[in-house]
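Here is the structure we will look at.
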Amino acid sequence: MSQQFALLLLTGLSLCIPLVDLEFIGAYPVACETRGTDLKENDIVVLCPQDCTQLRVSVFGTGVYAAISSVCGAALHRGLLGTSGGPVRVHKQKGQNNYVSSFANGIHSQTLSSWSASFSLSKNVKAPLEMNSETSTTALPAAAPKAKKLLKKSSVKKALTGGNQDCQIDIAMVMDSSRNIGQRRFRLQKNFVAKLAAVLRVGPTGPHLGLIQASDTPRTEFLLTNYTQPKEMLPAIKELTYLGGDTNTGKAITHTVETFFTQGRGVRRGHPRVIMVLIDGWPSDDVERAAMLARESGINVFVVSVAKPAAEELSMVQDKDFMRKIVCKDNGFFSYSIPSWFSASKHVRNLSQRLCSLDGLLCSKTCYNSVNIGFLIDGSSSVGEANFQHVLDFLVEIAQSFDISDVGSHVGAVQFTYDQRLEFGLLDHPSKEDTINALRRISYMSGGTSTGSAITYATQHLFSTQTRQSHKFLIVVTDGQSYDDVSYAALTAQRQGITIFSVGVAWAPLGDLRTMASEPKDSHTFFTRGFTGLKDFVPLVVRGICQDFTVNN
């Protein structure tokens, strides 16, 4: 009997799983994305494939996980599996309230207020038979406990060299290299950063750290993946050259957001991102806009202020409130003051503990995964079939900018003429792929233009079924004059917490567009003469949504 045929008989599957991947007879093979709710049995051993860490799996909770969590993702988060996959036992449980987020073993679990079912996991896989390269019917050998002891030693050695696995974050350290700090204190700053990297236990499976110097012009010294061991990183820090110049902290933060935190430069998918800003004295430039850009990008900004301005220096400080404006959130968690560089080393352990307090990293939740967007699409006769496709392309590009999922951002669509048609609701398509396909399938109606009635319809039918009551956005796309009044309908929608972006094409009157748009009108109103110009508005609308999200949070 062939190995594949024997394996099919053992598992009852129609797909062939390689023999080496199936460690235990009776384990049910699943995909990385398989959720607890997809499993029918209350107590079952599943076999997870390898490399699930390479995929974006959704996990909700810590220890006890919401049933919509990826089973294999939860097992990785729990530390029961490694990258090579393997078997794990799933125990179904009742639903609960307040699933707590945490970050462990490369997986960032999310919070969830409640869910109808849960599951827990264990490694206690009591299977009587083990399949290996020599036999598929031999009982577990008596020497198994010895092998387990050896494995434990190997795991300990890996933990020591791999980094702090309970603090898997990506850190961009922005050092002050301005004339404010001077050569002597710059050397003390380097010693401080080196000690912090050592205490954090930077490593391949722990924190990653890159470094940028702030001066007249920011300069990236090394990336997150250039040095993944403290012993390699310390000489690189020691060799840093002092730059001098102004303390352009805002420029350095913007530079870090736009050029440093990209996957092509070593950022790990799903890991919290942190910018830790060191300032000697005060910044020379505006930091507020740069810090807002970081927040909109989901980056947690810490600021460590050393040697605060003296009383006689306060008149030279452009913005005395700069600490509050830089940080991710003004709650005291993200700001830290040290009186002098000479005592900075005493604060290394406290800072490392704060950086690794992953539940405090509040800015990981962004507009991209937390908004409800409704598209209100003009299907009137003046649009035409070809131009209608340009509109759909425009909306598809907007949707593609957001992380659409059953617990992330939601998208729905209504088409209107004299009548209205709900194309799909906010909760109808829980994945980005399904949402994009649904947008592309919308068929052109043709008819008149009653935009006011359409806004009322969208307010009552599109947003009424959503699970979350905040962060609601309606994007109205129209090419002409409405036959009915738009002001009352738009005002009613806005009073219900819906932010309206009005996008006009061709003959759409600017007066109606501005009447429909939320305040400030200029940043919520768009107009182009031709339908092909819609694509230019994609980044502006996306950025507008994120700015509104940030202001409201």
Side-chain angles (χ1 to χ4, degrees), residues 11 17 20-39 41-93 96 99-110 112 115 117-132 140 144-145 147-160 162-168 203-206 268-271 358-359:
T11 62
I17 307 298
V20 70
D21 288 342
L22 188 57
E23 292 182 36
F24 289 85
I25 294 175
Y28 179 73
V30 295
C32 296
E33 299 86 355
T34 299
R35 305 174 299 175
T37 192
D38 299 327
L39 304 175
E41 293 83 354
N42 290 329
D43 188 67
I44 184 174
V45 178
V46 300
L47 181 67
C48 292
Q50 62 182 1
D51 294 331
C52 285
T53 52
Q54 303 300 315
L55 300 175
R56 190 171 185 178
V57 292
S58 296
V59 178
F60 303 88
T62 300
V64 176
Y65 301 94
I68 53 167
S69 301
S70 157
V71 172
C72 298
L76 288 166
H77 179 266
R78 190 70 172 156
L80 299 177
L81 296 180
T83 56
S84 59
V88 65
R89 186 177 291 276
V90 184
H91 314 273
K92 287 198 172 182
Q93 298 183 13
Q96 65 177 41
Y99 294 90
V100 180
S101 70
S102 63
F103 190 88
N105 304 306
I107 302 296
H108 190 180
S109 73
Q110 303 177 55
L112 194 62
W115 199 256
S118 310
F119 66 85
S120 61
L121 302 162
S122 70
K123 192 62 175 174
N124 184 23
V125 184
K126 297 180 180 178
L129 302 175
E130 182 179 13
M131 299 184 70
N132 54 42
L140 289 171
K148 185 176 181 180
K149 186 176 181 181
L150 292 173
L151 179 62
K152 186 176 181 181
K153 288 182 179 179
S154 174
S155 299
V156 170
K157 183 178 180 181
K158 182 178 179 181
L160 292 173
N164 182 1
Q165 295 190 15
D166 294 326
C167 184
Q168 298 186 32
T205 58
R268 293 173 290 182
R269 193 170 189 177
H271 290 59
L358 301 174
D359 285 340

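Summarising the geometry, atom CZ belonging to R35 is positioned 7.5 Å from atom CD1 belonging to I68; distances are rounded to the nearest 0.5 Å. Here S70 contributes atom OG and L76 contributes atom CG; the two are 7.5 Å apart, rounded to the nearest 0.5 Å. Separation of atoms CG (L81) and CG (L47) is listed at 9.0 Å; rounding is to 0.5 Å. Rounded to the nearest 0.5 Å, atoms OG (S58) and CD (E33) are 9.5 Å apart. Distance NE2/H108 to CD/Q168: 11.5 Å, rounded to 0.5 Å. Between the NE2 atom of H91 and the CG atom of N42 there is a distance of 11.5 Å, given to the nearest 0.5 Å.
The closest donor-acceptor contact from the side chain of S109 to the backbone of G61 lies under 3.5 Å.
For the residue pair S118 and Y99, a side-chain donor N or O sits within less than 3.5 Å of a side-chain acceptor on the partner. A donor atom on one side chain and an acceptor atom on the other are found under 3.5 Å apart for S120 and Q93.
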Checklist entry - Do C72 and V30 pass the side-chain contact (heavy atoms from CB on, under 4.5 Å) test, and can you show the C-alpha distance, the side-chain angles, and the key distance before you say yes or no? => result CA-CA 8 Å; C72 298; V30 295; 3.7 Å; yes
Checklist entry - Is there a side-chain contact (heavy atoms from CB on, under 4.5 Å) between L39 and V90 once you walk through the steps? => result CA-CA 9 Å; L39 304 175; V90 184; 4.2 Å; yes
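Side-chain contact check for H77 versus Y65: some heavy-atom pair is nearer than 4.5 Å.
Checked against the 2.5 Å cut-off, the SG-SG distance between C48 and C32 does not fall under it.
The two residues F119 and V71 make their nearest non-hydrogen contact at CZ-CA, 4.0 Å. In terms of heavy atoms, V45 sits closest to P87 at CG1-CB, 4.1 Å.
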